[in-house]
Amino acid sequence: MSTPPNSSARVWDFPVRLFHWALVICIAGSWISAEVGFNGMTWHTRFGYAALTLILFRLGWGFFGGRHARFGDFLRGPATVLRYFPTLFRRHRSPYLGHNPLGGLSVLVMLVLVLVQAVTGLFADDDIFFEGPLNGWVSNKTADLLTSIHHLNFNLLIAIIAIHIVAVLWYWVWKRQNLVWPMVTGYKRESAEPPAPPVPWWRAPVWFVVCVGAVAALVTAPEWIG
């Protein structure tokens, strides 16, 4: 595939972009449906299942997806992250085509928080509107603990989302670097790096079907195990 004009380079493959915006919808939908209360808990559950599916997909895609989707491309050690931090206040553009060291760390934190949120939700019980499908597998004490973690973790998730939005605005206003548009088109401008080679097209749908099947089997396990 040829590189678009203006020295652009392909950075985010389609599965990563679709995952990103689908996760935005799931988190927003989970939040809104939880605020609605009783009438929204069915949708809250659905959004939770969808978020868990997406996270499982992204974890796998981090190993066999496109170049910049792989964890090995953007996860750096603590020393590298600390060295990168002062560059946030300089106007020059980031030398990283994919996630920079801080961005890579935030991606990892986000994935972990959403995973914790989705998994604890499977066991949660608010004693009013909702009981997770796996609630019967744990004691009441454990369910209460996981429910508390579910609520606390959501606050942490909102905090990291807020930091993420502030960082995107900072790069846009201060560094004159639009981080949103590449997540729409897949391309970053002003890069001399050649496009990342595409991965076989069938990997994403096959892996997604596996993730859907895994989540479906998990949430229906109490029914067929008995």
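FYI, the numbering just counts along the sequence from 1.
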Polar contact flag, side-chain donor to acceptor under 3.5 angstrom, [X]-[Y]:
X    : Y    : result
T142 : S139 : yes
T80  : R83  : yes
N100 : Y171 : yes

Looking at [X] and [Y], what are the two nearest heavy atoms and their distance?
X    : Y    : result
W12  : V16  : CE3-CG1, 4.1 Å
R203 : W61  : CB-CZ3, 3.7 Å
L54  : L23  : CD1-N, 3.7 Å
V11  : P182 : CG1-CB, 4.5 Å
V184 : R17  : O-NH1, 3.1 Å

Requested in this report: Assess whether atom CG of N155 is packed by more than 12 heavy atoms of other residues, nucleotides or ligands within 6.0 Å.
Outcome: yes

Query raised in the report: Has Y49 got more than 12 heavy atoms of other residues, nucleotides or ligands less than 6.0 Å from its OH?
Result: yes

Query raised in the report: For the ring pair F71 and F63, is the centre-to-centre distance below 6.0 Å?
Result: yes

Report task. Kindly say whether the aromatic ring centers of Y187 and W181 come within a distance under 6.0 Å. Result -> no

Under 3.5 Å donor-acceptor, [X] side chain and [Y] backbone:
X   : Y    : answer
D13 : G66  : yes
H44 : S33  : no
R76 : L105 : no

Answer whether the closest heavy-atom distance between the side chains of [X] and [Y] falls below 4.5 Å.
X    : Y    : answer
E131 : D126 : no
W43  : I32  : no
P222 : L134 : yes
V107 : F74  : yes

For the [atom1] atom of [X] and the [atom2] atom of [Y], what is their distance to the nearest 0.5 Å?
X    : Y    : atom1 : atom2 : result
W21  : C26  : CH2   : SG    : 14.0 Å
Q177 : H92  : CD    : NE2   : 10.5 Å
R10  : K188 : CZ    : NZ    : 14.5 Å

Report task. Classify the angle between the aromatic ring planes of W174 and W170 as parallel (below 30°), tilted (30 to 60°) or perpendicular (above 60°). Result -> parallel

**Report entry** Parallel, tilted or perpendicular, as decided by the 30° and 60° cut-offs, for the rings of W207 and F64
**Finding:** perpendicular

Query - hydrophobic_cluster_shared for W137 and V116, side chain cutoff 4.5 Å - result: yes

Query raised in the report: Going by side-chain heavy atoms closer than 4.5 Å, which hydrophobic residues are tied to L18, directly or by a chain of links?
Result: F14

